[in-house]
Amino acid sequence: MDNKDLANLIFPNVKGYKYYEEKYPKRELPEGAQVMRYAPSPTGFVHIGGIYQSLIAKKLAKQTNGVFYVRIEDTDQKREIENASIQILQSLKDYDVYPDETINLDGTDNGNYGPYMQSKRKDIYQSYAKKLLEEGNAYPCFCSAEDLDKIRENQEKAKERTGYYGRWTKCRNMPVDMAIEKIKNGDPYIIRFKSPGNPDKKIRHKDVIKGSIEFPENDQDIVIIKSDGLPTYHFAHAIDDHLMGTTLVTRGDEWVASIPLHLQLFYVLGFKAPKYAHTAALMKQEGGSKRKLSKRKDPEAAVSYYKEEGIPKQAVLEYLMNIANSNFEIWRKQNPEKSMYDFDFDLKKMGVSGALFDMVKMLDVSKNVISRYSAEEVYEEAYKWAEEYDTELLEMLKNKEYSLKVLGIERGNVKPRKDIAKWSDVKDIIYYMYPEKFNKNEEFEYQKINDKSEIEKIIKLYFENYYNENDDKQTWFNKIKDLSEELGYAREVKEYKANPDAYKGHVGDVSTVIRIKITGKSNTPDLYEILQVLGKDEIMKRI
RNA sequence: GGCCCCUUGGUCAAGCGGUUAAGACAUCGCCCUUUCACGGCGGAGACAUGGGUUCGAUUCCCGUAGGGGUCACCA
């Protein structure tokens, strides 16, 4: 009885690794092309970090004429959540970071290196596990959870490293005959990797982002096949990224500690290891310290949050790109019209430690993104958002022709208006332009001029003697100056400032009265345009 | 606790032995044909700390402190 018998006993019916090596030939790609991936596990709602990872991978793949694929890592059946993979894929589609290859929504594969879902690759993993078993690089382990606890206890007592390694292992050196007998006897077991590592030796690894890192060699005999026959992350990673031809692994930096293990796995399996780029997580301030953006605690961690708030996907993407490469915003300023895919992204420029996620900055990016939209685009997006989240706004927007005029005020100029950061802002910004939403009897808060009789005087005089809806802007403005003068206010702000005691106020104070009377608000876009859009009939109703 | 990584203004960050230590967001002031938004100009605001190495350290080395990650039949 030898390792071969043992391997055959454990995995009698697998296709064998040679079959898979032939089935998945090396990808034919141009020089320098990177094969990138995003490998989420379907364990909950879609995290903004997933979009971040996908954006980076997709951008780099595109930039090098490579491939971006998504592999669903669903080897932990206990944690799996119904429909999560569908939602992940859907989000990637929503954010324009959909992969070139992946499992389709209907379960078929799009690409030649599938299945792109790990639970469908059981035979593949087992074929390689069998190979390792035959070579003596893996072994069945019969230790129970209690045995493992015991080992840990002893290690803690002895103040030694915890884990299943070296002299602490019970099954590593079990004679083959005994293992075979136990298996035949029906004893439960899992398969462990027989690590060749020596922790007294160091390995040095060059991470694309983190640079050179040195660690002790791995000597942990980690489990590679669990009792349900599925692989652990580490084993699946080595097999999949080898077979799928990944050239550059981008993943969260919680994985750097596993590098010695992963490199060892690739080596023992006879695979060429990919390059690694470990990205720092998006962080959140809590008290005096930082922590990862958390699904549980932070609403902004969920991609659904941005949809609900009405933050355009382009803004989310640009903000994320800015976190990834901070020179992006400089580029964006110089190239306001270009697609962000024209930006030359560089992994090496990524920060090594986690950045605090800054919603204020995100909204600023969003303002800029929206300011580049045409009235038509603003209308379409706001409408789509309102359909789902705000019936009142939807009602207003139903009048398309009029709404386009409203949204077009001060839009498309050299210095476009930047007052909308998210679609949920729109209603508050434009409601007074809609007759049914405006209530003239409400108590408005006037500013400098707040005496009721003075206000009435201004309004009466203006609309009786000055206002003419056919005036052009300059005429209109001059008339307000004339009005101001007639009532004892300065025609020019400068005049007033030069000699404040000579006047009751200035033209700005007067126009503010008109503005508030007509809109109910002191902060509005250009009053002339507002009056034009509103029209004489509606204006007369408001005074 | 072991191992690994990180530390420039409130935040994101340039910088890679000699700089008046960029820029963006936020903040404050002024300006712009009247508010707000935009834009322009300006202000305040930083190299965690102690030792080295060096003619010279934000930059290189060591220690300290603080922060983060990781030590599962989870990924």
Side-chain angles (χ1 to χ4, degrees), chain A residues 39-43 73-76 78-79 118 141 143 145 148 152 156 159-164 188-192 199 207 210-211 213-216 220 222-228 230-234 236-237 251-260 278 280-281 283 285 288-292 319 322-323 326-327 329-330 332-333 349 351-358 360-365 367 371 410 413-420 429 447-448 474 477-478 480-481 484 491-494 506-516 519 521-528:
Chain A
S41 34
T43 54
E73 309 227 319
D74 61 339
T75 55
D76 186 358
K78 295 183 290 290
R79 292 205 308 154
Q118 290 182 329
C141 172
C143 290
L148 264 20
R152 164 181 299 272
E156 279 167 5
K159 294 212 154 76
E160 290 199 36
R161 281 184 299 130
T162 56
Y164 205 82
Y189 64 94
I190 45 87
I191 312 292
R192 281 185 189 275
D207 188 87
K210 308 263 178 195
I213 314 172
E214 197 178 73
F215 341 55
Q220 297 279 343
I222 56 121
V223 353
I224 56 175
I225 300 288
K226 302 182 283 186
S227 55
D228 60 7
L230 287 169
T232 53
Y233 171 85
H234 309 290
H237 157 52
R251 48 152 47 161
D253 63 6
E254 67 269 23
W255 291 110
V256 304
S258 306
I259 287 177
H278 287 94
M283 308 296 277
Q285 185 79 241
S289 65
K290 287 183 182 179
R291 45 152 248 260
K292 281 207 258 184
Y319 175 65
N322 200 217
I323 286 187
S326 69
N327 54 321
E329 66 184 345
I330 296 166
R332 172 49 87 206
K333 214 162 196 174
K349 287 192 174 137
V352 286
S353 52
L356 240 33
F357 192 83
D358 185 352
V360 176
K361 177 101 181 182
M362 157 91 80
L363 291 177
D364 181 71
V365 171
K367 271 186 194 171
S371 77
E410 284 187 72
N413 317 344
V414 203
K415 292 192 276 180
R417 218 172 154 71
K418 296 187 179 177
D419 49 356
I420 304 173
I429 291 174
Q447 302 202 313
K448 195 163 161 192
Q474 194 54 54
F477 192 48
N478 285 337
I480 293 195
K481 287 185 178 178
S484 303
R491 291 181 69 92
E492 310 287 344
V493 179
K494 274 181 190 150
H506 59 75
V507 59
D509 301 323
V510 174
S511 70
T512 296
V513 168
I514 301 170
R515 183 188 308 277
I516 294 174
T519 67
K521 287 170 69 114
S522 64
N523 57 330
T524 76
D526 185 70
L527 184 55
Y528 175 75

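Numbers restart at 1 for each chain; the letters A, B, ... are given by sequence-line order, proteins then strands. As the structure is a computational prediction, the values presented were derived from the model and not from experiment.
With B:U34, B:C4, B:A37 as the candidates, the nucleotide lying closest to the side chain of A:E410 is B:A37. When the nucleotides B:U34, B:C74, B:U35 are ranked by their closest atom to the side chain of A:S511, B:U34 comes out on top. Side-chain proximity of A:V352 to the nucleotides B:U33, B:C74, B:C6 is greatest for B:C6. In this structure, of B:C4, B:A26, B:G23, it is B:A26 that holds the atom nearest to the side chain of A:V360. Nearest nucleotide to the A:Q474 side chain, out of B:U70, B:C73, B:U33: B:U33. If you check B:C71, B:C3, B:C74 against the side chain of A:T232, the one that comes closest is B:C74.
Residue side chain A:S326 does not reach the base of B:C12 through any donor-acceptor N/O pair under 3.5 Å, judged by distance alone. Between the side chain of A:R417 and the base of B:C36, a donor-acceptor pair under 3.5 Å is found.
A:R491 comes within 4.0 angstrom of nothing in the nucleic acid, heavy atoms only. Among the protein residues, A:P199 comes within range of no part of the nucleic acid, since none of its heavy atoms lies under 4.0 Å from any strand.
Between A:Y189 and A:I480, the residue anchored closer to the 5' end of RNA chain B is A:I480, taking for each the nucleotide with the nearest heavy atom.
Between A:Y233 and A:W255, the angle of the ring planes stays under 30°, which puts this pair in the parallel group of the 30/60° scheme.
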